[in-house]
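Following: one structure in structure tokens, then a few remarks.
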There are 2 protein chains.
Amino acid sequence: MALDNPTLQIPITTADKVFDRMLHAIVDGKITAGTKISEPELAKEYEISRSTLREALNRLEKCHLIERKPNVGSRVVECSIEGLLEIYVVREALEGMACRQAAEKMSDDEIAEMQAMLVQHAKSPALQDGIAYYQEEGDLDFHYKVILGSHNQQLITILCGQLYHLVRMYRIQFGMNSSRATRAFDEHSRIVEAIADRDGELAEILMRRHIAASRKNIESKIAQQLEQ
Amino acid sequence: MALDNPTLQIPITTADKVFDRMLHAIVDGKITAGTKISEPELAKEYEISRSTLREALNRLEKCHLIERKPNVGSRVVECSIEGLLEIYVVREALEGMACRQAAEKMSDDEIAEMQAMLVQHAKSPALQDGIAYYQEEGDLDFHYKVILGSHNQQLITILCGQLYHLVRMYRIQFGMNSSRATRAFDEHSRIVEAIADRDGELAEILMRRHIAASRKNIESKIAQQLEQ
DNA sequence: CCTTTATAAATTGTCGACAATTTGTTATTG
DNA sequence: CAATAACAAATTGTCGACAATTTATAAAGG
């Protein structure tokens, strides 16, 4: 499925499963941002021991979805505008570099596959209706492919394993059904061209612009919301 | 002290202390890279229960110093040349961006403080002997100041909290007493100038070059070692 | 003799209970 | 009445034991 995370292997232990459930609950806002987490309470809710719950909490902490203070407890991370902009800054740097690396490291087959994916996206009704492309599968799929294409394990872990969930959390909780659909698609196409040309420098610049544009779009949306 | 990590608060719980001890043991190579970690054995060695040890292991995993597989166990991460180069790629992207942000976000006081630090470094005997600057306090101190200057919590956490330890591990285990001392100092000076000029674009470029130069220096050192 | 299967040992995952620390409440004092 | 101090409740940290899984060893079969 489109939204699946390639770094996220199938849950094996019960702590894994609880981590998964909590992950979705937090990302989808079912556990409100900023909430204090009560270990005894949640352990009872998920019908597990506190040790197992704490194991799950440790993984949530690794994704920066909760914050822990010794002898005090855990809180679900807050969604602030500053926090969102910080993430975009990091993404601009890291995904830009990932794109440069992808241009150097991707195999011809991988590039062909990515091009085929874009063709598929072009046919999709979501894009033609001009609504869902940016928000849903298309955007995330594309960015994934690029990140994986870097063949840099550190980049992949940080972006797909850690930041990814936070990005989704912000998208959902701030309700970002962006209208940048067709525009984003065009930008993706140009990026793929640069990668296919093995032009790492251009690929990086284009990806950075793409993410910066997305950030500015969100900034103006928020400014707009504040006016009302 | 110079080598202290600003994101690393004083250890409070016993798990914290064990984490600290293991951190140093791994970074300094006293626990060999690639070693399988035996929970019962280590728990006995540190005279703690397995639960507490596992808590410490979780934190080591967050720093990418150990890798865990469910139902199998943990291993200390391996130090490969590819791994080292991957880290430099990430640093180039992130510290470059941090430098750009620092030029935009640092207060005048902070910049003055950083300039004072460089003056101090210039007087240091280590630099004048032309040996230790790059390897030790100077380089790390400078990079820290820049990262913190970005005022971006995500950047700070990723760079100072996670990558930092890995970088030190590689430096120590690959024995990098670089001869780039005076050169690195000059590069630092130019970077600070750009920050003081509030020229984020230039600051980023210079920082990226600085790290890329460091990477190339290491690459040639390794190629040299392989010849012998 | 090597491969496969069954068994035993060891290791990891999970549990419930106790200890240490923090938080909330009440009583005391200036 | 506000501020502080002492106490009580609740929460987090740590422990040792048991269950589930993996790894090592030995037996059986081709």
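Naming convention: chains lettered A, B, ... in sequence-line order (proteins, then strands); numbering from 1 in each chain.
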For [X], enumerate each residue passing the side-chain hydrogen bond (donor to acceptor under 3.5 Å, both in side chains) test, keeping only those at least two apart in sequence or located in another chain.
X      : result
B/E61  : A/K62
A/D108 : A/R198
B/S49  : B/T52
B/E39  : B/R50, B/R54

Without decimals, in angstroms, what is the distance between [X] [atom1] and [N] [atom2]?
X     : N      : atom1 : atom2 : value
A/K44 : D/dA10 : NZ    : P     : 12 Å
B/K17 : D/dT14 : NZ    : C1'   : 13 Å
B/I12 : C/dT22 : CD1   : C1'   : 12 Å
A/E55 : C/dT14 : CD    : P     : 7 Å
A/F19 : C/dT14 : CZ    : C1'   : 19 Å
B/R54 : D/dC15 : CZ    : P     : 14 Å

message = Side-chain N or O of B/T13 versus OP1/OP2 of D/dT12: is the shortest distance under 4.0 Å?
response =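 No, no such contact exists.
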query = Hey, is the side chain of A/T14 poking within less than 4.0 Å of OP1 or OP2 on C/dG13, counting only N and O atoms?
reply = no
ask   = Counting only non-hydrogen atoms, which of residues 57-73 of chain A are less than 4.0 Å from DNA chain D?
value = A/R68, A/P70, A/N71, A/V72, A/G73
request  = Go through residues 35-43 of chain A and report each residue with a non-hydrogen atom lying under 4.0 Å from DNA chain D, sorted by number.
outcome  =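 Heavy-atom cutoff 4.0 Å gives A/K36, A/I37, A/E39, A/P40.
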ask   = How about A/H121 and A/H188: are their ring centres within less than 6.0 Å of each other?
value =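 Between A/H121 and A/H188, the centre distance exceeds or equals 6.0 Å.
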key: Centroid-centroid distance, A/H24 to A/H165, less than 6.0 Å   =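 They do not qualify: ring centres at least 6.0 Å apart.
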Salt bridge (Lys or Arg N to Asp or Glu O under 4.0 Å) partners for [X], two or more places apart:
X      : value
B/E104 : none
A/E113 : none
A/E95  : A/R91

Can you tabulate the close N/O pairs, meaning under 3.5 Å, that link protein atoms to atoms of nucleotides 16-19 of chain D?
| unit_1 | atom_1 | unit_2 | atom_2 | d |
| --- | --- | --- | --- | --- |
| D/dG16 | O6 | B/S51 | OG | 3.3 |

inquiry  = List the residues meeting side chain to side chain contact (heavy atoms under 4.5 Å, CB included) with B/V76, not counting sequence neighbours, and say none if there are none.
reply    =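 B/I26, B/I31, B/T35, B/I37, B/M169.
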task = With sequence neighbours excluded, tell me which residues meet side chain to side chain contact (heavy atoms under 4.5 Å, CB included) with B/K105.
result =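 For B/K105 the side chain to side chain contact (heavy atoms under 4.5 Å, CB included) partners, ignoring immediate neighbours, are B/Q101, B/H151.
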